[in-house]
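Every chain is numbered from 1, with letters handed out A, B, ... down the list of sequences.
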Number of protein chains: 8
Amino acid sequence: MKRKPEVAVVMGSDSDLPIMNEAMSILREFGIFYEVKIASAHRSPALTVNFAKCAEKKGIKVIIAGAGGAAHLAGVIASHTALPVVGVPIETKALKGVDSLFSTVQMPSGIPVATMAIGKAGACNAAILAAEILGINDAKLKNKLKLFKKKLADAVTLKNKKLGH
Amino acid sequence: MKRKPEVAVVMGSDSDLPIMNEAMSILREFGIFYEVKIASAHRSPALTVNFAKCAEKKGIKVIIAGAGGAAHLAGVIASHTALPVVGVPIETKALKGVDSLFSTVQMPSGIPVATMAIGKAGACNAAILAAEILGINDAKLKNKLKLFKKKLADAVTLKNKKLGH
Amino acid sequence: MKRKPEVAVVMGSDSDLPIMNEAMSILREFGIFYEVKIASAHRSPALTVNFAKCAEKKGIKVIIAGAGGAAHLAGVIASHTALPVVGVPIETKALKGVDSLFSTVQMPSGIPVATMAIGKAGACNAAILAAEILGINDAKLKNKLKLFKKKLADAVTLKNKKLGH
Amino acid sequence: MKRKPEVAVVMGSDSDLPIMNEAMSILREFGIFYEVKIASAHRSPALTVNFAKCAEKKGIKVIIAGAGGAAHLAGVIASHTALPVVGVPIETKALKGVDSLFSTVQMPSGIPVATMAIGKAGACNAAILAAEILGINDAKLKNKLKLFKKKLADAVTLKNKKLGH
Amino acid sequence: MKRKPEVAVVMGSDSDLPIMNEAMSILREFGIFYEVKIASAHRSPALTVNFAKCAEKKGIKVIIAGAGGAAHLAGVIASHTALPVVGVPIETKALKGVDSLFSTVQMPSGIPVATMAIGKAGACNAAILAAEILGINDAKLKNKLKLFKKKLADAVTLKNKKLGH
Amino acid sequence: MKRKPEVAVVMGSDSDLPIMNEAMSILREFGIFYEVKIASAHRSPALTVNFAKCAEKKGIKVIIAGAGGAAHLAGVIASHTALPVVGVPIETKALKGVDSLFSTVQMPSGIPVATMAIGKAGACNAAILAAEILGINDAKLKNKLKLFKKKLADAVTLKNKKLGH
Amino acid sequence: MKRKPEVAVVMGSDSDLPIMNEAMSILREFGIFYEVKIASAHRSPALTVNFAKCAEKKGIKVIIAGAGGAAHLAGVIASHTALPVVGVPIETKALKGVDSLFSTVQMPSGIPVATMAIGKAGACNAAILAAEILGINDAKLKNKLKLFKKKLADAVTLKNKKLGH
Amino acid sequence: MKRKPEVAVVMGSDSDLPIMNEAMSILREFGIFYEVKIASAHRSPALTVNFAKCAEKKGIKVIIAGAGGAAHLAGVIASHTALPVVGVPIETKALKGVDSLFSTVQMPSGIPVATMAIGKAGACNAAILAAEILGINDAKLKNKLKLFKKKLADAVTLKNKKLGH
């Protein structure tokens with residue numbers, strides 16, 4: 001595992017940890033070193049802006065940001081960096097994450113946020129996307145990704161065997 | 001009309017002017033002095049944060065912010081000030097402003113945005129709400145508000161007369 | 001704590017108390033005196049209209065109204081007063097509060113309702129907005145608000161420390 | 001045609017007339033005498049409450065109310081009368097009448113509003129429902145209704161003939 | 001209690017009974033005699049059509065129909081009778097009753113269904129609407145309705161007293 | 001072209017013809033003989049039920065039904081026949097066909113409607129599905145289908161060539 | 001029961017089995033032989049494409065495909081075969097299956113997917129639709145279908161008797 | 001400009017060109033060489049799968065895929081490659097692109113699609129995200145990105161000057 005973190009996993013609240021752990025678990029599986037940060041776009045704006053501005057200098061290459069409701073975290077970070085920012089909409093009690101999804105994905109021209117599915121699948125995929133991005137210039141990581149994808153297919157084959165087909 | 005602006009009308013893009021003009025027109029009707037600002041939460045984050053931090057010192061008492069899509073403007077401003085922030089969701093092409101509404105209204109505990117209706121009615125009402133807020137300590141303005149509300153009712157009575165009732 | 005209530009917390013039914021208690025708890029935290037009222041726009045219209053008409057005379061400066069479904073309470077109150085009215089959409093069983101949100105926020109030109117998020121976060125924020133409004137002319141309250149916002153940020157910093165960052 | 005109006009057609013604004021004319025046209029077709037009223041739940045609340053309270057004494061038997069956005073008109077009227085109230089959700093610019101529909105139909109236990117489809121079909125059907133209600137005790141009107149329904153079916157048969165079937 | 005049923009309460013499945021019991025309970029409270037019928041627009045179309053065609057002759061004056069999903073029951077009945085038909089959209093597992101609501105309320109010009117709120121409140125209100133309709137020509141029933149509405153208001157007053165206000 | 005119609009194309013109103021013509025055009029392309037019928041589930045229920053009951057005896061094998069709003073047509077037909085029924089949700093003015101889609105697709109256990117996309121693409125695909133169904137036992141038709149699918153792919157290849165790739 | 005499977009029941013994940021079992025149970029009830037397959041459009045694309053291309057040769061006549069979220073399974077299969085493909089949208093945690101429904105039903109011109117209701121009712125109906133399709137050329141199966149539909153109606157009659165009507 | 005394309009811009013139909021041109025225009029602005037491809041997941045599945053499998057070998061590093069309705073294109077491509085895939089949901093006539101958005105973003109664990117906003121803003125941002133991804137290992141491109149972001153902020157400053165502030 002590399003020493004210096006290449007990916008930052010940021011979330012609006014520590015209550016998002018059960019979701020965002022999916023991302024960290026995948027990052028560990030791929031041997032990608034990461035840092036974790038609680039940073040609320042609204043409750044701790046200075047900390048958030050500061051994090052976004054300094055991420056590149058610290059060696060971060062991809063930022064994963066998870067937030068729910070009026071989910072501004074990924075967008076606020078994206079407005080302060082030229083690094084790719086991946087947004088994970090967290091499910092909410094009333095609107096079930098549609099609010100989080102729209103707040104994350106409907107970014108204006110100029111400031112993209114790479115938006116994932118709502119919830120755990122999205123957190124998991126944010127890490128895989130980070131691996132795909134880093135894999136462009138890392139043959140070893142790309143091989144891990146191909147193996148990972150092969151395992152997904154093999155698992156389906158295995159399940160069919162269990163069904164007796 | 002007072003010299004120093006008490007209300008700031010901020011919007012994400014000058015394409016929002018036709019909507020936000022509704023607010024300014026009402027503010028003028030109430031004799032409330034205001035300043036106008038283009039400030040994009042995403043394209044000009046430094047300008048936006050700077051505006052939000054300095055608004056109170058400049059004498060601003062209420063901030064009206066209009067934005068569309070992943071409408072973070074009102075929320076970003078609210079995170080940097082203790083002034084009341086009124087959000088106007090601007091209609092969007094595809095999602096018709098539901099995205100703007102959810103991004104503006106679904107703020108987390110701690111950072112309120114007083115959200116208005118989507119579009120022109122919302123911009124108009126943002127200014128009336130500002131007048132209601134300022135009117136708490138301004139008897140003259142409160143009287144204007146009561147007169148304004150009376151005129152709304154009188155207009156309905158007049159329309160009934162035109163119908164011949 | 002001041003003797004005379006400056007804020008009224010109104011709700012359509014006593015079943016809304018667990019939500020609206022969030023608002024009262026914040027008001028107490030800020031030392032703002034408030035009164036509580038059950039007033040249904042539909043089941044007790046006379047009581048509701050009467051409350052709205054008399055609120056200003058009683059010294060109320062901001063009205064917080066929580067209701068669910070075809071949530072007319074905040075709008076009906078706003079139509080009878082020149083005070084700022086803050087609406088809290090209560091979550092509903094089937095439509096999850098989208099009905100409450102649309103019924104509260106989509107007010108016509110002339111009669112604003114300052115709409116908050118659906119549910120507890122909205123109730124909490126309604127009280128903070130009330131504090132922001134009252135804080136315009138109350139330096140002590142404004143300081144409390146700034147301290148409150150600082151505490152929100154400090155709590156995030158603390159959570160990061162717990163994560164070992 | 002009867003002299004005294006049995007149905008009242010109320011709407012929040014005269015801009016709703018093109019929609020609500022559908023109702024009046026059907027009422028005339030059935031020979032039901034009606035009165036028309038502009039009454040905004042928000043802009044002219046006193047007029048609206050007064051209308052609702054006096055409708056029964058004036059001989060009104062069914063009230064049709066059309067409104068858009070945070071459409072409180074039908075609900076506010078229903079809260080002040082024991083007459084059946086029929087609600088017509090008017091289409092809105094941004095939310096296309098979903099807001100009007102939810103605000104009209106999601107009434108709490110105790111205060112029903114008989115909600116129709118959004119827009120012209122709803123206005124037309126509000127009048128037919130009024131005719132069905134009045135027809136319970138009016139054999140002549142009931143016959144007209146049956147003839148009306150037969151004509152609807154005959155028109156379909158005719159269209160099939162035109163298609164050459 | 002009158003011998004001959006004046007209201008029919010129809011539902012698509014006996015699984016809708018817990019919801020539709022709210023309607024029956026109110027009808028009993030008002031002393032309105034009713035009949036109950038399971039009739040699926042889709043699984044028992046002949047029975048449903050037959051019921052709709054014969055309801056008037058049996059003395060039924062108002063039909064209440066509850067159904068969920070692609071909720072065609074109220075519409076199918078309305079297409080075969082000139083009686084007022086009240087529709088209650090039943091909540092569904094996935095779409096939470098939005099499907100039921102749209103299928104019930106969006107009727108084409110010519111065939112109204114008086115649509116109530118989704119679920120129990122809607123079932124309860126369907127019965128109150130039936131009472132309001134029958135009350136047009138039944139002074140005793142109208143008085144009961146006024147008393148019922150007064151009780152709703154009194155209950156709110158009582159709740160306020162319990163709050164100590 | 002076969003003499004006796006194997007497919008029936010039914011629609012709620014002749015205003016649906018511009019949409020449903022897409023289906024007829026495809027059926028002609030495949031040499032499938034069809035009949036066209038205007039049949040409203042609500043305005044001409046007897047005609048609709050009669051059509052559904054007699055379709056099989058007339059030699060119809062697949063029924064295509066297009067309707068909008070509270071779109072009950074396909075469901076009503078399906079409740080009276082054991083033939084496969086294909087539903088085409090027609091776009092509506094306010095709700096844009098979401099009402100039509102939910103009313104068509106959310107059928108209860110026991111009575112399927114094979115639902116297509118909203119609007120023209122759905123009408124076109126209804127005819128292709130009919131061809132696929134009839135093609136199970138018609139090798140010639142199946143070949144036409146394969147050729148049709150090949151043409152779709154060839155058209156894409158051609159478009160790429162035009163782009164200069 | 002026939003030896004060679006005529007229907008294939010495919011699903012994106014074995015976690016969909018509790019839903020898709022509804023389809024298999026109905027197929028067994030009708031004596032239709034089927035095969036079951038786990039095939040993810042995304043995790044095992046080669047297996048899925050291969051299955052779709054070979055289904056016809058193996059004697060499969062109808063394919064039932066259940067998937068949730070960005071539910072591409074039915075569409076991907078339909079793009080590789082001229083057999084009728086029936087899609088069952090599986091309910092999802094956050095969006096409750098609206099995502100699955102839209103991803104399954106909104107197919108472009110040329111490639112139909114016969115879409116069923118979300119969840120168990122949809123899975124059940126997918127099997128009935130398959131029976132209706134196979135029943136076009138199988139008089140015995142068609143009789144079973146008619147009996148099945150009669151039983152549905154009889155069950156309703158029985159339930160009415162239990163209610164004492 | 002580099003000779004060999006590093007980005008592929010794929011779309012489901014040439015009717016998507018007016019939207020996807022936004023992406024190409026930005027790519028040219030950043031001096032990123034790209035190839036354009038029409039590839040329908042449904043109408044030309046073989047071409048699509050073939051493209052996805054060969055993209056990496058051809059030197060493509062990022063794939064941008066735009067599609068509407070049951071928008072499977074990005075997902076199908078992502079299932080056949082370990083390259084990062086960016087999805088642009090194209091607006092649709094009836095559902096306004098909500099169908100495209102849900103079909104693109106709600107991918108299952110294992111196969112991410114980096115989803116952008118609906119329509120032109122999304123297409124534009126897809127190209128910027130591609131630049132951000134390629135910029136991780138290309139200092140010159142990263143500088144261009146920072147200049148681009150600075151220009152966005154400068155444009156806002158200029159607009160404020162025009163407003164006279």
Portion of S109(B) that has a non-hydrogen atom of chain A nearer than 4.5 angstrom: backbone
Drop me the distance from [X]'s [atom1] to [Y]'s [atom2], to the nearest 0.5 angstrom.
| X | Y | atom1 | atom2 | value |
| --- | --- | --- | --- | --- |
| L101(A) | K96(A) | CG | NZ | 15.0 Å |
| E56(A) | I60(A) | CD | CD1 | 11.0 Å |
| M24(B) | I32(B) | CE | CD1 | 14.0 Å |
| D16(A) | I90(A) | CG | CD1 | 4.5 Å |

Ionic contact status for K58(A) with E35(A), cut-off 4.0 Å: yes
Any residue of residues 143-154 of chain B which, by heavy atoms, sits under 4.5 Å from chain A: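 Answer by number: none.
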Close side-chain approach of L17(A) and N21(A), heavy atoms under 4.5 Å: yes
Heavy-atom check, side chain of R43(A) versus side chain of S13(A), under 4.5 Å: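 Sidechains of S13(A) and R43(A): in contact.
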Steps toward side chain to side chain contact (heavy atoms under 4.5 Å, CB included) verdict (K37(A), V9(A)): CA-CA 6 Å; K37(A) 198 95 192 168; V9(A) 179; over 6 Å; no
Side chain to side chain contact (heavy atoms under 4.5 Å, CB included), paired with S100(A), selected from I118(A), V88(A), T92(A): T92(A)
Test applied, side chain to side chain contact (heavy atoms under 4.5 Å, CB included); reference residue, I63(A); option that passes from V10(A), V86(A), V113(A):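 By the side chain to side chain contact (heavy atoms under 4.5 Å, CB included) criterion, I63(A) pairs with just one of V10(A), V86(A), V113(A): V10(A).
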Contact leader toward chain A among S44(B), A41(B), P108(B), where contacts are heavy-atom pairs under 4.5 Å: P108(B)
Contact listing (chain B partner; residues 64-83 of chain A; heavy atom under 4.5 Å): G69(A), A70(A), A71(A), H72(A), G75(A), V76(A), S79(A), H80(A)
